[in-house]
2 protein chains.
Amino acid sequence: MTETRVPIPTLERLAIYLRVLLDAHEAGIQTLSSQEVEQHSGINAAQFRKDLSYFGEFGKPGVGYSVAGLIQCIERILRLDAEQPILLVGAGNIGAALVGYPNFQAHRLRIAAVFDNNFVKIGRPFGDLVIEDIARIREINATIGARLGIIAVPASAAQEVADLLVEAGVTGILNFAPTILRVPPYVHVRNVSFLQELAVLSYQAVEESLCMNGQASRGGEDAV
Amino acid sequence: MTETRVPIPTLERLAIYLRVLLDAHEAGIQTLSSQEVEQHSGINAAQFRKDLSYFGEFGKPGVGYSVAGLIQCIERILRLDAEQPILLVGAGNIGAALVGYPNFQAHRLRIAAVFDNNFVKIGRPFGDLVIEDIARIREINATIGARLGIIAVPASAAQEVADLLVEAGVTGILNFAPTILRVPPYVHVRNVSFLQELAVLSYQAVEESLCMNGQASRGGEDAV
DNA sequence: ACGATTTTGTGAATGATTTCACAAGGTTCG
DNA sequence: CGAACCTTGTGAAATCATTCACAAAATCGT
């Protein structure tokens, strides 16, 4: 195991393995081989082993992986071994879905505060929380110390919110708004776009590549 | 442009380009060069050109791309040139966020029906729609003819719902439940996992690779 | 009309990720 | 104990994706 940078696809799969392991643990299974993980995750056994090899050696040849042990290791890798507070900005439909999402708890992810800029909403209850004024985000996160933030506001406000989150000390942003966010290089952004996912499916669901060759201008006005 | 299979990353980016183009169109811009698209999308200009090259030639050397023209082309590629009906299963928080999502319209994606298995919910209004009994999904899609479906139910019910969607004629599934779905090979699935995204961010947001090397068994019981 | 300038489309080069294949370590059972 | 059997961890090979770099095409100014 040499000291290389961990590929992002590996990190993404780590979360999948964790889910499989938690399910297995729930079911009382004590040990799992990479082969069995493949069965449950759909991810190639060699891939699983190589993914883990970026972080150390966790299995026993001839036996497999201790479910409980590997859960702990992956949780530690992903910093999910201690409760991870999250700032949510945007008390709309998506925000409501997130605070009501039951699966966060199992991963020790906790939405610690909700913010909005709509003064009608501020002060109202939202799940277990009360909606706070976005203007107070920095002040409030001085107490919470969250490093993760979620942007669930319209695209037009997303950049402004991103700036505020960064200023409040957040270094990882989950962005639901359909915009490219500009952030300092040490801040990580992941975008979730329902539209993008559906667009890809829309293409794939009709596999006829009727691949229209042609020049640029059609329908609309010509270029220049 | 040789007859290769289109890479999935290319399809994902197509949706991003479309958004940039729609924004530019809104702003009254008539022409865009690949360089300018890079500025607005963060995606390398050469990447943009190569992505398009899988489908044909859409630009004019020395000029760039007709915004209106390219919008039409990408919409046609992604099958977003005609209204695309979608079946939503699960009238919970995530379902509510989706039916209330304002950006679908601009992409001619329309949630055409909502289903649930909870008899308390069936018949109630949900956005502009009325919640239908999941048992009637096949019958109802015989009229709608949707090829896309969204699963927004708990993980425990997701596989069952996937089977029903496939039976109803859906060939593309957007899955919000944290499970691996088993579907026939001609059906495409895309998973959206908030947990996965946050887990990756959680890792990235603290870049100290304190990389614990060690043997498998720790904390819990030994393997076997 | 023509040289200077711009920008496309695309083979080739590079880089990243996945898969293979196998030595080495561990287990089981006679 | 030792032979048969698993399963891991990992270099090497194969596959896949991105970026480079440049010929060809279009425009503009004179």
Side-chain angles (χ1 to χ4, degrees), chain A residues 1-14 16-17 21 29-67 69-70 73 200 211-217 222-224, chain B residues 1-14 16-17 21 29-67 69-70 73 200 211-217 222-224:
Chain A
M1 173 234 175
T2 51
E3 195 52 51
T4 327
R5 180 124 255 82
V6 180
I8 291 178
T10 290
L11 294 172
E12 294 175 346
R13 285 187 296 264
L14 240 38
I16 297 176
Y17 304 143
L21 289 162
I29 295 165
Q30 311 243 319
T31 290
L32 235 39
S33 68
S34 59
Q35 197 55 243
E36 290 170 309
V37 171
E38 171 168 346
Q39 240 114 63
H40 290 75
S41 68
I43 296 163
N44 184 290
Q47 182 81 78
F48 171 75
R49 296 200 301 273
K50 182 160 285 265
D51 283 342
L52 291 182
S53 77
Y54 286 105
F55 303 98
E57 309 196 349
F58 304 100
K60 283 195 195 150
V63 181
Y65 300 83
S66 151
V67 171
L70 192 52
C73 292
V200 173
C211 201
M212 77 304 287
N213 278 28
Q215 287 323 299
S217 38
D222 259 27
V224 166
Chain B
M1 172 234 179
T2 50
E3 195 51 53
T4 328
R5 181 124 255 83
V6 181
I8 290 178
T10 291
L11 294 173
E12 293 175 347
R13 285 187 297 264
L14 239 38
I16 297 175
Y17 304 144
L21 290 163
I29 296 166
Q30 311 244 317
T31 290
L32 236 39
S33 68
S34 58
Q35 198 54 243
E36 291 169 307
V37 171
E38 171 168 344
Q39 240 114 62
H40 290 76
S41 68
I43 295 163
N44 184 289
Q47 181 81 78
F48 171 73
R49 297 200 300 276
K50 181 158 287 265
D51 283 342
L52 291 180
S53 77
Y54 286 105
F55 303 98
E57 309 197 348
F58 304 101
K60 282 193 196 153
V63 182
Y65 300 82
S66 152
V67 172
L70 192 52
C73 291
V200 173
C211 204
M212 78 302 288
N213 277 27
Q215 288 322 301
S217 37
D222 259 27
V224 164

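Residue numbers begin at 1 in each chain, while the letters A, B, ... track the order of the sequences. Computed from a prediction, not measured in an experiment: that's the story for all the values here.
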* Any Ser34(B) side-chain nitrogen or oxygen under 4.0 Å from OP1 or OP2 of dT8(C) -> yes

* Structure fact -> With the side chain defined as heavy atoms from C-beta on, Pro7(A) is closest, among dA26(D), dT27(C), dT17(C), to dT17(C)

* **Residue pairs involving residues 35-45 of chain A (criterion side-chain hydrogen bond (donor to acceptor under 3.5 Å, both in side chains); sequence neighbours excluded)** => Ser33(A)-Glu36(A)

* Structure fact -> Among dT17(C), dT10(D), dG26(C), the one nearest any side-chain atom of Ser53(A) is dT10(D)

* Close residues, residues 36-46 of chain A, relative to DNA chain D [heavy-atom separation under 4.0 Å] -> none

* Tell me: CG of Asp51(B) to P of dT10(C), nearest whole Å? -> 13 Å

* To do: Kindly say if Tyr65(B) contacts the phosphate of dG9(C), meaning a side-chain N or O under 4.0 Å from OP1 or OP2.
  => yes

* To do: Look at the side-chain N and O atoms of Arg13(A) and state whether any lies under 4.0 Å from the OP1 or OP2 oxygen of dT18(C).
  => yes

* How long is the line joining CZ of Phe58(B) and P of dA26(D), in whole Å? -> 16 Å

* Grab the NZ-P distance between Lys50(B) and dC22(D) for me, whole Å please. => 16 Å

* What pairs with Pro7(A) under side-chain contact (heavy atoms from CB on, under 4.5 Å), at least two apart in sequence or on another chain? -> Pro9(A), Thr10(A), Tyr54(A)

* Choose from dT27(C), dT8(C), dA17(D) the nucleotide whose nearest atom is closest to any side-chain atom of Arg49(B). => dT8(C)

* Round to the nearest Å and state the distance from Gln35(B) atom CD to dT19(D) atom P. => 13 Å

* Just how far, in rounded Å, is C1' of dA16(C) from CG of Leu11(A)? -> 14 Å

* To do: Would you give the length of the straight line joining atom CD1 of Ile29(B) to atom CG of Leu21(B), rounded to the nearest 0.5 angstrom?
  => 10.0 Å

* To do: For Leu52(B) and dA17(D), give me the distance from atom CG to atom P, rounded to whole Å.
  => 17 Å

* Structure fact -> Contacts of Ser34(B) meeting side-chain contact (heavy atoms from CB on, under 4.5 Å) (sequence neighbours excluded), chain-then-number -> Ala45(B), Phe48(B), Arg49(B), Tyr65(B)

* Asked: Any side-chain heavy-atom pair from Leu70(B) and Leu52(B) closer than 4.5 angstrom?
  -> yes

* **Among dT8(C), dG26(C), dT10(C), the nucleotide that comes nearest once only the side chain of Glu57(B) is considered** => dT10(C)

* Write down the distance between CD (Gln47(B)) and C1' (dC16(D)), rounded to a whole number of angstrom. => 12 Å

* Are any of the side-chain heavy atoms of Val67(A) and Thr31(A) separated by less than 4.5 Å? -> no

* Under the side-chain contact (heavy atoms from CB on, under 4.5 Å) test, residues paired with Ile8(B) that sit two or more places apart -> Gln204(A), Glu12(B), Arg190(B)

* Separation of dT8(D) P from Leu70(A) CG (nearest whole Å) -> 11 Å

